[in-house]
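Read the structure below first, then the notes.
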Amino acid sequence: RQALEEMRALYEQNQADVSEAKSGRTDLIFLIRFRHCCLLRNQRCILAYLYDRLLRIRALRWEYGSVLPNAIQFHMSAEEVEWFNRYKKSLATYMKSVGGEEGLDLTQDIKPPKSLYIEVRCLRDYGEFEIDDGTTILLKKNSQHFLPRWKCEQLIRQGVLEHILS
């Protein structure tokens, strides 16, 4: 916001000096060019800042999944939340298009798994959790389970489960 205010002030000063330079004051041309360079620099800084935020928001989709925690979403603007939702839909469409009927969830294995099943501890009450074979498991605080890695990796990233390393 501060950079935008500075840009607005520089632009207004340039507009006033341009009208004077048209009337014959050539000594203002260098000042106008200098202000224009300042405007371009501020524009590059703002664009770099916004691009960095978009990269971070994109990384949040891979880290937390399709639902962001409220604490993170609180610090995002409405446009950023909208961009996140569009990116989420675009990624979901792509994942459905590859991998056959069920699609391919690219967000599951961030690192290659060493084993297909892992031991996890539930950090908070979550409720019922169904795995592919139809078995329903009740995830209560401090309960331990031996589950397929790909089914619980999302819950580990959300902070519901904790991977127990032997």
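Every residue two or more places apart in sequence or in another chain that forms a ring-ring contact (aromatic ring centres under 6.0 Å, His included) with Y87 is listed here: W83. Scanning for side chain to side chain donor-acceptor pair (under 3.5 Å) contacts around D133 gives T135, with sequence neighbours left out.
Between the E5 side chain and the Q2 main chain, no donor and acceptor come within less than 3.5 Å of each other. For R157 (side chain) and W62 (main-chain N/O), a donor-acceptor pair under 3.5 Å exists by modelled atom type. Not one N or O on the side chain of S90 forms a donor-acceptor pair closer than 3.5 Å with the backbone of R86. In this structure a side-chain-to-backbone donor-acceptor pair under 3.5 Å is present from N85 to V81.
When side chains are defined from C-beta on, L161 counts as touching L139, because their heavy atoms get closer than 4.5 Å. At a threshold of 4.5 Å between non-hydrogen side-chain atoms, the residues L91 and R61 count as touching. The side-chain heavy atoms of L31 and N14, taken from C-beta on, include no pair separated by under 4.5 Å. Between L55 and Y51, some side-chain heavy-atom pair lies under the 4.5 Å cut-off. In this structure, the side chains of Q13 and R35 come closer than 4.5 Å at one or more pairs of heavy atoms. Side-chain atoms of I118 and V120, non-hydrogen and from C-beta on, do get closer than 4.5 Å to each other. At least one side-chain heavy atom of H163 sits less than 4.5 Å from a side-chain heavy atom of R149. Counting heavy atoms from C-beta outward, P148 and L116 have side chains that stay 4.5 Å or more apart.
Atom CG of D27 is surrounded by more than 12 heavy atoms from other residues, nucleotides or ligands within 6.0 Å.
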> For V160 and L123, what are the C-alpha separation, side-chain angles and deciding distance, and is it a side-chain contact (heavy atoms from CB on, under 4.5 Å)?
Replying inline: CA-CA 5 Å; V160 175; L123 299 176; over 6 Å; no

>> The test is side-chain contact (heavy atoms from CB on, under 4.5 Å); show your working for N42 and E6 and say whether it passes.
In response: CA-CA 9 Å; N42 285 358; E6 181 182 329; 3.3 Å; yes

> Hey, mind stepping through L147 and Y117 against side-chain contact (heavy atoms from CB on, under 4.5 Å) and telling me if it holds?
Replying inline: CA-CA 5 Å; L147 299 173; Y117 286 82; 5.6 Å; no

> Hey, mind stepping through E128 and I137 against side-chain contact (heavy atoms from CB on, under 4.5 Å) and telling me if it holds?
Replying inline: CA-CA 6 Å; E128 292 186 351; I137 299 168; over 6 Å; no

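Shortest non-hydrogen contact noted between L39 and M7 is CD2-O, 3.3 Å. Heavy atoms only, all atoms of each residue included: H75 and E80 are closest at O-OE1, 4.3 Å. In terms of heavy-atom proximity, F84 sits nearest to G65 at CZ-O, 3.7 Å. Closest of all the heavy-atom pairs between K140 and C122 is O-CB, 3.0 Å. Contact between L28 and D17 at its shortest, heavy atoms only, is CD1-O, 3.9 Å. The two residues C38 and L10 make their nearest non-hydrogen contact at CB-CD1, 3.7 Å.
Y11 and I32 are members of different hydrophobic clusters when ILVMFWY side chains are connected at heavy-atom separations under 4.5 Å. Placement of M95 and L60 within a single hydrophobic cluster is found when ILVMFWY residues are connected by side-chain heavy-atom separations under 4.5 Å, directly or transitively. In the hydrophobic clustering of this structure, I72 does not group with V67; members are Ile, Leu, Val, Met, Phe, Trp, Tyr whose side-chain heavy atoms approach within less than 4.5 Å, directly or through other members. Taken together through direct or relayed side-chain contacts under 4.5 Å among Ile, Leu, Val, Met, Phe, Trp and Tyr, L68 and L54 form part of one hydrophobic cluster. Hydrophobic cluster membership differs between I156 and I164, with clusters built from Ile, Leu, Val, Met, Phe, Trp and Tyr side chains linked at under 4.5 angstrom.
With values rounded to the nearest 0.5 angstrom, E63 atom CD is found 11.0 Å from Q158 atom CD. Residue K141 holds its NZ atom at 10.5 Å from CZ of R124, rounded to the nearest 0.5 Å. Atom-to-atom distance recorded for S77:OG and L50:CG is 9.0 Å, nearest 0.5 angstrom. Rounded to the nearest 0.5 Å, atoms CZ (R53) and CD (E79) are 11.0 Å apart.
Taking the centre and axis of the six-membered ring of F129, the NZ or CZ atom of K151 falls inside the cone set by 45° and 6.0 Å.
With respect to the salt-bridge test (charged N to carboxylate O, under 4.0 angstrom), the residues R25 and E20 qualify.
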